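Residue numbers start from 1 in every chain, and the chains themselves are labelled A, B, ... in the order their sequence lines are given, proteins ahead of strands. Everything numeric in this text was worked out from a predicted model, so none of it was measured.
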Amino acid sequence: MEYNFKEIEPRRRSEWRKHDIYRVSVDPSRPKYYVLDMFPYPSGAGLHVGHPLGYIASDIYTRYKRLCGFNVLHPMGFDAFGLPAEQYAIQTGQHPATTTAQNVARYREQMDKIGFSYDWSRQIETCDPAYYKWTQWAFVKMFESWYDPEAGRARPIAELRALRPELTEEDLMGYRLAYRAETMVNWCEALGTVLANDEVVGGLSERGGHPVEQRRMMQWLLRVSAYAERLLGGLDGLEWSDSLKEIQRGWIGKSVGAQVFFNVAGGEEAACNDNGRGEAAGRENENGRGEIDGGEKLEVFTTRPDTIYGVTFMVIAPEHERALKLTTPAQKAEVERYIAATKKRSERERIADTKKVTGVFTGSYAVNPFSGTEIPIYISDYVLAGYGTGAIMAVPAHDSRDWAFAKHFDLPIVPVVEGGDVAEASYDAKSGQMINSDLINGLEVKDAIEKMFDQIERRGLGRRKVNYRLRDAIFSRQRYWGEPIPIYYKDGVATAVPLEKLPLELPAVSDFSPTRSGEPPLARVENWTYEGYPLETSTMPGFAGSSAYYIRYMDPANDTALVSREADDYWRSVDLYMGGIEHATGHLIYSRFWNKFLFDLGVVAEQEPYKKLVNQGMIQGRSNFVYRFDFSAKLIRPIIVKHGSEYLSKEENPDAVKEAEADYLFHAIKDAPSVFFSLEKYAGFKEGTITKRELYDAVMRIPFFADLTRDYNTDIEVDSITLTPLHVDISLVKNDVLDVDAFRAWRPEFAGAQFVTEENGKYVCGWAIEKMSKSMYNVVNPDMIVENYGADTLRMYEMFLGPLEQSKPWDTNGIDGVHKFLRRFWGLFWSDGGRGANGVPVSGSVQGGGVPVSDAFRVSDAEPTPEELKTLHKTIKKVREDIENFSLNTSVAAFMVCLNELGKCDKRAVLEPLTILLAPFAPHIADELWSLMGHATTIFDEKMPEYNPEYLVENSFDYPVSVNGKLRFKKTLPLGLTVAEIEAATLEDENAAKWLEGKAPKKMIVVPGKIVNIVI
RNA sequence: GCCCGGAUGGCGGAAUCGGUAGACGCGUUGGUCUCAAACACCAAUGGCCGCAAGGCUGUGUCGGUUCGAUCCCGACUCCGGGUACCA
């Protein structure tokens, strides 16, 4: 009987459904285990082969844990609010709810086909009002809480009100964990919304790659920074990869230093009295006039107080609130010009030329509190307003950025730590002896830092302070398709919608674009009010719905609480969280924050939501593209660069390119065959060879092209010629060559297009290995694999591809090997070896789960041989260890080895445990065979076999014998010999005599059970 | 720039308390079956020399420690990820 997966798999799945075998409930009599997958955003492209990688691994682990006796919670849901659905809605007018529901249905169907063991009765969708009620509830709770640093936890705002009755509503906003403030935000014009820091990558929006600029706007924020220390400390106890923890530590960015106040001094020439801007005038300070809240002092943050004697100037950020106040009339015009110019520069431009030094002198001076020297105050955008105090004490001798600034403005550079030559470069290292530093001369840097901390505090110049890079999360999005923020404005005062009125449902609209005045779509909704007062019109960001979803799975239908005490006490937190590393600085920070807040409220029992976390790698796709352009201008010359790092010009004139002037080439992708273009005006080059690396370097030197190498999939303009990259569906490309006719049928709008990269009359596609996405037309759909090979093969093949954590391109080479394994395994159970085609008739006899069985099915009750038992138990040991370590590729290999060693074996005592062992990986075939073996209940109610070490005992060992470290021969000896016996036996061997050539060995190393080494 | 990780056959990858490098699979070659092809099965397969026995060489490069190094140490090259004026 053949292995007919097309019949077996649907049958098994319908059995599972019928008996509802994946439903779980609280059961204190059994140990619990919680396995969670990061839930997907249901995109229109459907599931691709990359999605299931993590799902399969976690499913294997879930089934394994279940077979080991755990009550395993393994739920799934959908992160259903989001930008793509809304963008699609703007284009088509289709309501996001409609498309989202369609996509969810499609995802469900695809997931079911792979045979996951989710308890679908717990499915959640973030856009469901019954779900987002609790997202809104948590937000209101945050709004009504403040962080008490003394207690180290969140407390109700009412307590603060009682504690400090003098605080106004406005003051309280400065304490609330969810608060509204005017801040600099990442504004994305193309998307019409603000974005959180983790949604901006290199100055472009993560979604869509649109430019992002800095803007000052009134926004809702979450005071994540209040939890910085706890978020940092909590990492220590987690079973996460070190790299992931490092990323989070870096993102939190703790630095220990001191805040120091510098007096602002007026020189004689600081004629600030003239215009009344007295703050900058030191004279006033001396006279004791006009003291407003330390206004004459400039506060800085430093981690290097030891270098304070080396401070030769100060720099404040252009956005610093006192930038203009510190400016003397003489400098006013210049300063204003500089500030205006900085404002105009986008984040991206600032990143692009960080090397360029810019700045302007304010005209005023500060006084070094230790040396008493007067030092100039500058404004420059290398100082960030958002970090520390927005002002620094500059130590050019020991900070490379200050050094560059000092060089540019010809400011003095005074070394205070022995080490480098400060004329050449700054000496940034934190070691060496202090010099030119009065109090601390001769001390080591470390001691000097400590002493200065003390001195600063003793003299009242400032105090120790810890700073974090982690910023508060901007929580408003000027979009429609998200959770409404449950806030209304009662006479202008932000007030929370009462908890019992939640959910505040998202109203239905028909127009999803921003209003003409740039307001979010909800501003267009009539009666978007609460008790007559206007409601907030922005909605929550994507991370809101995913922050506490794992809690909701524990008790998804609860209408009176986020989670019941009972459910939370039992399920507690996620034992295994599986997902991509791309969430390291977004979701995984916010979710931990959210959870800690709920912990402070007493809603959840655990401080950390995800105990163990495994990052599965990304399965990438290969995307193909051609460039469409107009030849008529004759400005562009296509050049194909071959794998072997030579290049060839494909035009008539092969001398067209010169090695040294490969500058104006565009490197489309890193891996060959790459596509380059050269301008006619750079023709006259001589033919030659150039390495890809050299070409790449050359291209990178030109900023214009450097950008393109990142975003090759945007239009390229070269001397007013526009090249448009067209991504090509994978099915239209064979061996890098585009099937033009098929392409034209597929994209009729480009029927007449000309393409670059023509070779022998064929259009050669460039390609890149990247994330699978609909827009790249490189999505490989798992349905096809399931159709052709079955779900079990897909599952095992994805695991077999390589280490789980590693990213790898999708490649179906090798899938046959895995499929063959399953067929052979199936064959063990049939008298015809599973061939079927050879004509074994199928009779009508029925066994087990009502499956028609061929007479050829047979499992014998004979006693297994010691070899068979050894193979079985070796495999049990290996597979169990591998699953625990998530080394699933090697466990698949172990199954193959097992089968190779067993050869033909039809003994129940071997096949039954082996089938259970395989069940987590290939649930359909395993459960089918289980049923065929006469069991009425599912294999997943069985116990995982345990290995018996007795079967693995060896009594002899094939010793590798090396001479001077080189393996020369092997000698089989019984185990249990003493070292002396092994030595003697080895030396007796004729091979030993040959290598010794009559000499006595100098030394012998014997490691019993491992190796023998003879040293001559 | 800084921080972290990595580099093993034609390919994906095994093996790291320092002890037989290349498990398993793919691919390739040869064979069996077949009228033929496909499937399936059997065998070989790091490179070099050799009819063979066998030898030499081999885990990015150079050096070190060791009886013995893919593994430890030092220097370097390349690749990947994180972060980027964070004071």
Side-chain angles (χ1 to χ4, degrees), chain A residues 201-202 241-251 253-255 257-258 300-304 307 315 317 350-351 353-357 380-384 386-395 398-402 404-405 428 467-471 581-582 584-585 670 693 796-797 800-803 805-809 811-821 823-824 827 833-835 837-838 878 887 889-900 957-970 1001-1007 1009-1016:
Chain A
V201 180
S241 70
D242 289 337
S243 62
L244 180 52
K245 287 188 190 180
E246 264 323 301
I247 293 172
Q248 288 217 341
R249 287 196 188 103
W251 190 258
K254 177 178 184 173
S255 57
V300 301
F301 174 75
T302 180
T303 55
R304 292 292 302 274
T307 61
V315 188
R350 274 172 78 155
I351 289 168
D353 43 47
T354 49
K355 299 231 158 62
K356 211 156 116 194
V357 177
S380 173
D381 67 0
Y382 85 89
V383 174
L384 303 178
Y387 183 78
T389 62
I392 60 154
M393 54 177 235
V395 187
H398 304 292
D399 182 289
S400 54
R401 296 153 303 176
D402 297 344
F405 194 83
D428 296 13
N467 250 318
Y468 300 92
R469 209 185 71 107
L470 183 70
R471 311 289 164 84
I581 193 141
E582 66 273 18
T585 55
K670 282 191 194 157
R693 185 72 227 171
M796 288 193 89
Y797 181 60
F800 191 58
L801 275 174
E805 293 88 351
Q806 209 165 290
S807 288
K808 49 236 160 189
D811 177 4
T812 48
N813 291 342
I815 198 164
D816 286 325
V818 172
H819 189 64
K820 209 188 292 179
F821 160 77
R823 273 210 317 260
R824 286 174 57 208
R835 292 193 195 197
N838 289 1
K878 172 82 177 142
S887 178
N889 53 331
T890 53
S891 49
V892 175
F895 281 117
M896 292 171 168
V897 172
C898 176
L899 206 56
N900 290 345
F957 182 74
D958 215 9
Y959 276 96
V961 181
S962 27
V963 177
N964 287 339
K966 282 187 182 178
L967 178 71
R968 291 306 179 187
F969 62 96
K970 290 193 183 168
K1002 256 191 209 146
K1003 194 176 172 186
M1004 275 191 80
I1005 287 106
V1006 176
V1007 184
K1010 288 258 165 143
I1011 199 168
V1012 177
N1013 191 11
I1014 304 170
V1015 186
I1016 302 173

In chain order, what residues pass the side-chain contact (heavy atoms from CB on, under 4.5 Å) check against [X], with sequence neighbours excluded?
X         : value
Ile247(A) : Ile581(A), Ala584(A), Thr585(A)
Glu246(A) : Arg249(A)
Leu899(A) : Phe821(A), Arg824(A), Phe825(A), Leu828(A)
Glu805(A) : Val614(A), Pro803(A)

Give a yes/no on whether any side-chain N or O of [X] is located under 4.0 angstrom from OP1 or OP2 of [N].
X          : N      : value
Tyr382(A)  : A87(B) : no
Lys1003(A) : G68(B) : no
Arg823(A)  : A40(B) : yes
Arg249(A)  : C4(B)  : no

Who passes side chain to side chain donor-acceptor pair (under 3.5 Å) against Ser255(A), sequence neighbours left out?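 Ser255(A): side chain to side chain donor-acceptor pair (under 3.5 Å) contacts with Tyr387(A).
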Set of residues satisfying side chain to side chain donor-acceptor pair (under 3.5 Å) with respect to Asp242(A), sequence neighbours excluded: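 By the side chain to side chain donor-acceptor pair (under 3.5 Å) rule, Asp242(A) matches no residue at all.
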Write down the distance between [atom1] ([X]) and [atom2] ([N]), rounded to a whole number of angstrom.
X          : N      : atom1 : atom2 : result
Tyr387(A)  : A87(B) : OH    : P     : 4 Å
Gln248(A)  : C4(B)  : CD    : C1'   : 15 Å
Glu246(A)  : G5(B)  : CD    : P     : 9 Å
Met1004(A) : G68(B) : CE    : C1'   : 14 Å
Asn964(A)  : C67(B) : CG    : P     : 11 Å
Asp399(A)  : G1(B)  : CG    : P     : 17 Å
Phe405(A)  : A87(B) : CZ    : C1'   : 14 Å
Phe821(A)  : C24(B) : CZ    : P     : 14 Å

Between [M] and [N], how far apart are the [atom1] atoms? Round to whole Å, please.
N      : M      : atom1 : value
A75(B) : G22(B) : P     : 32 Å
U66(B) : C4(B)  : P     : 29 Å
U16(B) : A23(B) : P     : 15 Å
C73(B) : C78(B) : P     : 22 Å
G5(B)  : C85(B) : P     : 24 Å
C49(B) : C35(B) : C1'   : 44 Å
G47(B) : A84(B) : P     : 47 Å
G64(B) : C79(B) : C1'   : 26 Å

Restricting to ring pair (Phe, Tyr, Trp, His ring centres under 6.0 Å), what partner residues turn up for Tyr959(A), sequence neighbours left out?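 With neighbours one apart ignored, the set is Phe957(A).
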Is [X] reaching over with its side chain to a backbone N or O of [Y], donor-acceptor style, under 3.5 angstrom?
X          : Y          : answer
Lys808(A)  : Gln806(A)  : yes
Asn1013(A) : Val1006(A) : no
Ser241(A)  : Leu244(A)  : yes

Protein-nucleic acid N or O pairs under 3.5 Å, nucleotides 11-14 of chain B:
| residue | atom | partner | partner atom | Å |
| --- | --- | --- | --- | --- |
| G12(B) | O2' | Leu801(A) | O | 2.6 |
| G13(B) | OP1 | Gln806(A) | NE2 | 2.4 |
| G13(B) | O3' | Asn889(A) | ND2 | 3.4 |
| A14(B) | OP1 | Asn889(A) | ND2 | 3.0 |

Given Ser400(A) and Asp402(A), is the side-chain contact (heavy atoms from CB on, under 4.5 Å) satisfied, shown in steps? CA-CA 6 Å; Ser400(A) 54; Asp402(A) 297 344; over 6 Å; no
Please figure out whether Met896(A) or Arg824(A) has its closest RNA chain B nucleotide nearer the 5' end.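 The residue whose closest nucleotide sits nearer the 5' end is Met896(A).
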Need to verify one output field. Residue with the more 5' nearest nucleotide on RNA chain B, Asp402(A) or Asp242(A)?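 The residue mapped nearer the 5' terminus is Asp242(A).
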Might you point out which heavy atoms bring Val357(A) and Phe405(A) nearest each other, and give the distance in Å?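 Heavy atoms only, the tightest pair is CG1-CD1, 3.6 Å.
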Shortest non-hydrogen contact between Phe800(A) and Val818(A), atoms and distance: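 Closest approach of Phe800(A) to Val818(A): CD2-CG2, 3.8 Å.
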Describe the nucleic acid contact of Asn900(A) in one word from base, sugar-phosphate, nothing, applying a heavy-atom distance below 4.0 Å.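 Result for Asn900(A) = sugar-phosphate.
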Please list, pair by pair, any protein nitrogen or oxygen found under 3.5 Å from a nitrogen or oxygen in nucleotides 17-21 of chain B.
| residue | atom | partner | partner atom | Å |
| --- | --- | --- | --- | --- |
| C17(B) | N4 | Lys1010(A) | NZ | 3.0 |
| U20(B) | O2 | Lys970(A) | NZ | 2.4 |

Short heteroatom pairs, N/O only, protein and nucleotides 56-60 of chain B, under 3.5 Å:
| residue | atom | partner | partner atom | Å |
| --- | --- | --- | --- | --- |
| C56(B) | OP1 | Arg968(A) | NH2 | 3.4 |
| C56(B) | OP2 | Arg968(A) | NH1 | 2.9 |
| U57(B) | OP2 | Lys966(A) | NZ | 3.1 |

Contiguous pairing runs of three or more, Watson-Crick or G-U under 3.5 Å, that involve RNA chain B: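 RNA chain B stems, ordered by first number: B:1-7 with B:77-83, B:10-12 with B:24-26, B:27-32 with B:40-45, B:46-49 with B:54-57, B:60-64 with B:72-76.
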Trace of the side-chain contact (heavy atoms from CB on, under 4.5 Å) decision for Lys1002(A) with Ile1014(A): CA-CA 8 Å; Lys1002(A) 256 191 209 146; Ile1014(A) 304 170; over 6 Å; no
Hey, can you pull the donor-acceptor pairs under 3.5 Å for the side chains in residues 961-969 of chain A, sequence neighbours left out?
| residue | atom | partner | partner atom | Å |
| --- | --- | --- | --- | --- |
| Ser962(A) | OG | Val1012(A) | O | 3.4 |
| Asn964(A) | OD1 | Ile1016(A) | N | 3.0 |

In G5(B), glycosidic geometry as syn within 90° of 0 or anti otherwise: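 G5(B): anti glycosidic orientation.
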First locate atom CZ of Phe301(A), then atom OG1 of Thr389(A), and finally report the distance between them rounded to the nearest 0.5 Å.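 So the gap between those two atoms works out to 9.0 Å.
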